[in-house]
**Student:** 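My questions will all concern the structure given below.
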Protein chains: 4
Amino acid sequence: MTQPTKPAPKTSPIQHRLVPNKGKNAPRKCEQILTSAGQLFLQQGYERTSMSQIAQLAGVSKGSLYNHFENKADLFTAFFEERSRTRLDTLKAVSRTPQPDLRTALIQAASTIITLLIDHEAIGLYRIVVAEANEFPHLADTLWHYGFSRTLSSLTEWFTHKHEAGLLKVDDAAFAAEQFLMMSQTRIVQRTRLSLPVDRSPENINRVASAVADHFLKIYAP
Amino acid sequence: MTQPTKPAPKTSPIQHRLVPNKGKNAPRKCEQILTSAGQLFLQQGYERTSMSQIAQLAGVSKGSLYNHFENKADLFTAFFEERSRTRLDTLKAVSRTPQPDLRTALIQAASTIITLLIDHEAIGLYRIVVAEANEFPHLADTLWHYGFSRTLSSLTEWFTHKHEAGLLKVDDAAFAAEQFLMMSQTRIVQRTRLSLPVDRSPENINRVASAVADHFLKIYAP
Amino acid sequence: MTQPTKPAPKTSPIQHRLVPNKGKNAPRKCEQILTSAGQLFLQQGYERTSMSQIAQLAGVSKGSLYNHFENKADLFTAFFEERSRTRLDTLKAVSRTPQPDLRTALIQAASTIITLLIDHEAIGLYRIVVAEANEFPHLADTLWHYGFSRTLSSLTEWFTHKHEAGLLKVDDAAFAAEQFLMMSQTRIVQRTRLSLPVDRSPENINRVASAVADHFLKIYAP
Amino acid sequence: MTQPTKPAPKTSPIQHRLVPNKGKNAPRKCEQILTSAGQLFLQQGYERTSMSQIAQLAGVSKGSLYNHFENKADLFTAFFEERSRTRLDTLKAVSRTPQPDLRTALIQAASTIITLLIDHEAIGLYRIVVAEANEFPHLADTLWHYGFSRTLSSLTEWFTHKHEAGLLKVDDAAFAAEQFLMMSQTRIVQRTRLSLPVDRSPENINRVASAVADHFLKIYAP
DNA sequence: AATGAATGAGCATTCATTCAT
DNA sequence: AATGAATGAATGCTCATTCAT
C-alpha cells in the first residue's frame with residue numbers, strides 16, 4: 001500500500017459513494033474523516049471539537065479535511081446526515097416482527113424503542129440536535145426525517161391496521177403513534193438523556209415497556 | 001465537584017449562591033453580570049458565549065467578572081442555578097388550584113405543564129442541560145432538583161390523595177406522575193425542543209391537554 | 001536571476017517565452033492560463049491571487065499550472081512579459097502619424113500618451129511594477145524595455161529630426177523626450193494612477209495635451 | 001522598570017495621544033507597534049506582512065496587537081495616516097525660504113521636492129498607495145490630503161503672488177503648480193519609483209532642478 | 001472592587017507545491 | 001500532459017485568564 005495511514009484496503013464491491021472517487025482508496029479517506037469527526041462531535045459537541053483534533057484522529061493532515069468538506073459546518077452536517085441515516089434506519093422496523101398477540105407485540109415495540117433511544121449514539125445525536133438547534137436548524141429536520149418520522153409512520157400504519165381489524169379503537173392513529181413513542185420514553189429514556197442515574201437493565205426496560213403496552217391498551221381497547 | 005476546572009470543595013451541588021456584599025450596589029453588579037450572562041448563555045450556549053461578550057453586555061470590565069466568579073465555568077453554574085431556582089419555582093404549583101372535577105383539574109395541570117415547558121427560557125435551560133451534559137453533569141441534578149423533581153412530588157402526592165379518595169386507582173403513584181409528565185410532552189413540547197414547526201396556540205395546547213387527561217383517566221380509572 | 005524562488009539561469013532578463021508545444025491545443029492551455037492569470041494579477045495583485053483561483057478561472061487543474069510554469073513567480077513573470085510586450089507595443093508608434101504642423105503633431109502625441117497610460121491595463125501593469133518592485137525588480141526592466149524605452153527613443157528621434165530641420169532647438173533630445181512624457185502625465189494620468197477622481201473625458205485630455213504642446217514649444221522654440 | 005520590553009521611559013510632557021492612555025507607558029506600546037508595523041509594511045507591503053511578524057518585531061504578543069487595533073487593515077490604516085501626516089508635513093514648506101531671485105528660488109523648490117520624493121519612506125508610501133489602491137482606496141485620499149494637496153496649495157499661492165508682482169505670467173496657477181510638481185519628477189523621481197538605476201547625487205538633482213526652473217521660467221515668463 | 005492591557009495557546013482556514021495515478 | 005488529493009506551514013484572529021495599577 002502506498003498510503004501510509006491506511007492499513008487495509010476495502011475490497012467490498014458495494015460501498016456508499018457520497019464523494020467522488022476515482023482511485024480505490026479515495027472513499028476510505030473520506031469515511032475515515034467522517035468516522036473520526038463523528039466520534040468527536042458525539043462526544044464533545046460541535047464547538048468543543050476542533051478540526052485539528054479530527055485530522056489527528058483520522059490520521060490525515062488538517063488541509064486534507066478541506067479537500068473533502070468545505071468547512072467545519074459542512075463536515076458536521078455530512079457527519080450528522082450519514083449517522084442519522086445509517087443509525088436510525090432500524091427504527092422504522094419497529095413492529096415488523098409478527099407476534100402471537102397484540103400485547104406482546106406492543107411490549108416488544110416499546111422495548112425496541114427504548115433500547116434504540118438509550119443507545120449511546122442515539123443519545124449523542126439527540127444531544128447534538130438539541131444543543132445546536134439554533135445554529136443548525138436543519139439538523140432537527142434530518143433527525144426527524146430519518147428518525148421519528150419513519151417510526152411514526154410505521155406505528156401509525158400498524159395501529160390503523162389493528163383498528164380496521166377491530167383489535168384497537170384508534171380514531172387518530174397519528175396521535176396515538178406519537179403518544180406511544182412518548183410514553184416509551186418515560187423514566188429510562190428521559191433520564192438517560194439528562195445523564196441522570198437510572199436503571200437501564202433489560203429487566204427494567206421490559207418492566208417499563210410492559211407498563212406502556214398495558215396502558216396503551218387501556219386507552220385504545222375497543 | 002462535577003465542575004471541570006474548579007476543584008474547590010462544594011459541600012452540596014445545589015446551594016444558594018450568595019456573593020459577599022459590602023456596599024449597597026455590590027449585588028447590583030453581580031446581578032447585572034448574571035443577567036447578561038444568562039441572556040447570552042441561553043441564546044448561544046456555553047462555548048459560543050465569551051467572557052468579553054458578557055462583560056460588554058453587563059457594562060463592566062472583563063476583569064470584574066473574575067472578581068465575582070472564579071472562572072467561566074463558575075459563572076455558568078451560578079447562572080444556571082439561579083435561573084433554575086427562580087424559573088421553575090412555579091412548576092411545583094401544578095395541580096394546586098382546586099377544580100370542581102378531576103378531569104378538569106387534570107386538563108389544567110397538563111395545560112400548565114405544557115405552557116411552562118415551551119416557555120422560551122425553559123426550552124433554553126433544557127437545551128443547555130442536554131448540550132452540556134458531558135461537560136457539566138451537575139446541571140442535570142440542578143434542573144431535576146428545582147424542576148421535575150418538585151413537579152413529580154407534587155403530582156405523586158396528588159395522585160396518592162385521589163387514590164385514597166377512591167377517585168383513581170394508582171398503585172405506583174410515582175410512575176404515574178412521571179408518565180403524566182411525559183404524556184404532556186407529546187407533540188407540542190417535544191417538537192418545540194427540536195425547533196420544529198408546531199402549532200403552539202392555546203387551543204392546541206388545550207386539545208393535547210384534554211387528550212392527556214382523558215387517556216390518563218382511562219388508564220387509572222378505578 | 002531577479003526571481004526570488006527560481007535560481008535557474010536566465011541568459012537575458014527579457015526574452016520571448018515560448019513553451020514547448022507538441023499537440024495542436026497545447027498552446028491553447030498555456031494561453032488560457034496566462035490570460036486567466038493576467039486577469040487576476042491585474043485585478044488583485046500578486047499576493048492576493050492564488051494558484052487555485054487561476055486554475056479555476058482557466059478551467060484547468062491546479063496541477064496543470066505546474067506543468068507549464070515552474071511556480072507562481074514564474075507564471076507571474078511570464079504573464080507580465082507577455083502583457084508588456086503586446087500591450088505597450090503601440091506606444092512606440094507615438095508621433096508616427098504625419099501632421100501638417102508641429103503643434104498639432106505634439107498635441108496628438110501627448111493625447112495618445114495620456115490615453116494609453118490611463119488605459120485600464122496600463123494602469124494595472126504600472127501598479128504591479130510599483131507594488132512588486134522589491135520582490136520582482138526585473139518587472140521594471142521589462143516595463144521600461146517594452147514601454148517607456150521605446151516611446152522615449154521614438155520621441156528622441158523625432159525631436160532630433162525637428163531640431164535638425166530648425167523647427168525646434170533641442171540640445172538634449174533625450175531629456176526633452178523624458179520631459180515631454182512626464183509633462184503629459186500631469187493631472188489626468190497622475191491622479192488616475194492613485195485612483196483619485198479625475199475628469200478623463202476626451203475634451204479634458206485634449207485640453208491637457210494642448211497645454212503640454214504649447215508649453216513644450218515655449219521651452220524648445222528656436 | 002516593570003515592563004521588560006521597554007528600555008527607556010518617555011519623559012517628554014508633550015506627546016501625541018492617538019490612543020487612550022492612562023498609565024505612563026501605554027502610548028509606548030502603541031507607538032512601538034505602529035513603528036514596527038510601518039517598518040514592515042513599507043518594506044514588504046500589506047499582504048506580505050503578517051501580524052506575527054509585527055508582534056515579534058514590536059516585542060509584544062500577537063494578542064496585544066488586537067487590543068490596540070481592530071484588525072490588520074485598521075493597523076495598516078493607522079500606520080499609513082500617521083506616517084503620511086508626520087512625513088509629508090515638510091513638503092508644504094517648499095518655497096518658504098526666501099531667495100534673492102526667482103530662478104534660484106525655483107531651483108531650490110524643485111530640488112527640495114526631488115529630494116523629498118526620493119526619500120526611502122516617501123517612495124515606500126507611494127508604492128503602498130499604488131499597490132493597495134484597489135483594496136484601500138482611502139489611502140490615496142490620505143496621501144493626497146497630507147502630501148500633494150498641501151504642496152500644491154503652497155506652490156499655487158506662491159505663483160499667484162509672483163503673478164501679481166509681475167514676475168510671472170500665470171493664468172492658471174493651480175495647473176502650473178501641478179505641472180511644476182510633475183516636471184520635478186522627470187527622470188530621477190520617476191526612475192527611483194520603479195527601482196530603476198539612476199544617478200541620485202546632489203549634483204544630478206541640482207542639474208534636473210535647474211532644468212525644471214529654466215523651463216518653467218520659459219513657459220511662464222511675462 | 002474595579003480596570004483593561006497583556007498574554008500565548010488555540011481556532012478555522014488558505015496556500016503553494018508535490019506526486020501517484 | 002493532466003489530474004486532484006495530500007500536505008504542513010502559515011495566516012488573521014479569538015479566547016479565558018492574569019495582574020499591575
Side-chain angles (χ1 to χ4, degrees), chain A residues 2-5 19-26 29-30 47-55 60-73 75, chain B residues 5 19-23 25-26 29-30 47 49-55 60-68 70-73 75, chain C residues 5 19-23 25-26 29-30 47 49-55 60-68 70-73 75, chain D residues 2-5 19-26 29-30 47-55 60-73 75:
Chain A
T2 47
Q3 206 173 335
T5 58
V19 164
N21 163 22
K22 268 171 65 182
K24 64 189 166 214
N25 54 3
K29 266 273 166 65
C30 201
E47 284 292 339
R48 259 183 274 262
T49 300
S50 78
M51 294 299 262
S52 306
Q53 274 177 60
I54 296 170
V60 301
S61 74
K62 234 187 319 184
S64 265
L65 263 43
Y66 291 88
N67 284 330
H68 294 282
F69 305 94
E70 275 204 17
N71 49 35
K72 191 182 174 183
L75 171 53
Chain B
T5 58
V19 167
N21 164 18
K22 271 162 64 180
N25 60 353
K29 268 273 170 63
C30 202
E47 284 293 339
T49 299
S50 77
M51 294 298 263
S52 308
Q53 271 178 63
I54 296 170
V60 302
S61 74
K62 238 186 317 186
S64 268
L65 263 43
Y66 289 87
N67 286 330
H68 293 284
E70 280 203 18
N71 49 33
K72 191 181 175 184
L75 171 53
Chain C
T5 58
V19 167
N21 165 19
K22 270 161 65 181
N25 60 353
K29 268 271 169 65
C30 203
E47 284 292 339
T49 299
S50 76
M51 294 299 262
S52 308
Q53 271 177 62
I54 296 170
V60 301
S61 75
K62 238 187 312 187
S64 269
L65 263 42
Y66 290 87
N67 285 330
H68 292 284
E70 279 204 19
N71 49 34
K72 191 182 175 183
L75 171 54
Chain D
T2 47
Q3 205 174 335
T5 59
V19 164
N21 164 21
K22 269 171 66 181
K24 65 187 165 213
N25 54 2
K29 266 273 166 64
C30 203
E47 284 291 339
R48 260 183 274 262
T49 299
S50 77
M51 294 299 262
S52 306
Q53 273 177 60
I54 296 170
V60 302
S61 73
K62 232 185 325 183
S64 265
L65 263 42
Y66 291 88
N67 284 331
H68 295 282
F69 304 94
E70 275 204 18
N71 48 36
K72 191 183 174 183
L75 171 53

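Numbered from 1 within each chain, the chains take letters A, B, ... in sequence-line order.
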**Student:** Kindly say whether, by distance alone, the side chain of D/Asn67 makes a donor-acceptor pair under 3.5 Å with the base of E/dA6?
**Tutor:** yes

**Student:** So, for C/Asn71 and C/Met51, which heavy atoms are closest and what is the spacing to 0.1 Å?
**Tutor:** C-CE, 4.2 Å

**Student:** CG/B/Leu75 to CD1/B/Ile54 distance, rounded to the nearest 0.5 angstrom?
**Tutor:** 5.0 Å

**Student:** Going from NZ on A/Lys62 to OG on A/Ser50, what distance comes out if it is rounded to the nearest 0.5 angstrom?
**Tutor:** 8.0 Å

**Student:** At less than 4.0 Å, is any side-chain N or O atom of D/Lys29 found next to OP1 or OP2 of E/dA5? Yes or no.
**Tutor:** no

**Student:** CD of A/Glu70 versus C1' of E/dA12: gap in Å, rounded?
**Tutor:** 14 Å

**Student:** Write down the atom of D/Glu47, the atom of D/Lys72, and the distance for their closest heavy-atom approach.
**Tutor:** O-NZ, 3.8 Å

**Student:** Kindly express the pairing pattern of DNA chain E in dot-bracket notation, using | wherever a base pairs with another strand and counting only Watson-Crick or G-U pairs under 3.5 Å.
**Tutor:** .||||||||||||||||||||

**Student:** What N/O pairs connect the protein and nucleotides 8-11 of chain E at under 3.5 Å? Give each pair on its own line.
**Tutor:**
unit_1 : atom_1 : unit_2  : atom_2 : d
E/dG10 : O6     : D/Lys62 : NZ     : 3.4

**Student:** List in chain and number order the residues that pass side-chain contact (heavy atoms from CB on, under 4.5 Å) with A/Ser61, two or more places apart in sequence or in another chain; answer none if no residue qualifies.
**Tutor:** A/Ser64

**Student:** Given atom OH of C/Tyr66 and atom P of E/dA16, what is their separation to the nearest angstrom?
**Tutor:** 6 Å

**Student:** Find the distance C/Asn71:CG to E/dT18:P and express it as a whole number of Å.
**Tutor:** 8 Å

**Student:** When the distance from CG of D/Leu65 to P of F/dG12 is rounded to whole Å, what number comes out?
**Tutor:** 10 Å

**Student:** Which atoms form the tightest heavy-atom contact between D/Arg48 and D/Gln53, and what is the distance?
**Tutor:** O-NE2, 3.5 Å

**Student:** My understanding is that only residues two or more places apart in sequence, or in another chain, count here; which of them pass side-chain contact (heavy atoms from CB on, under 4.5 Å) with D/Glu70?
**Tutor:** D/Asp74

**Student:** Using whole Å, what does the distance between atom C1' of nucleotide E/dA6 and atom CZ of D/Phe69 come to?
**Tutor:** 15 Å

**Student:** Rounded to whole Å, please give me the gap between CG in B/Leu75 and C1' in F/dC15.
**Tutor:** 15 Å

**Student:** Does C/His68 put a side-chain nitrogen or oxygen below 4.0 Å from OP1 or OP2 of F/dA2?
**Tutor:** yes

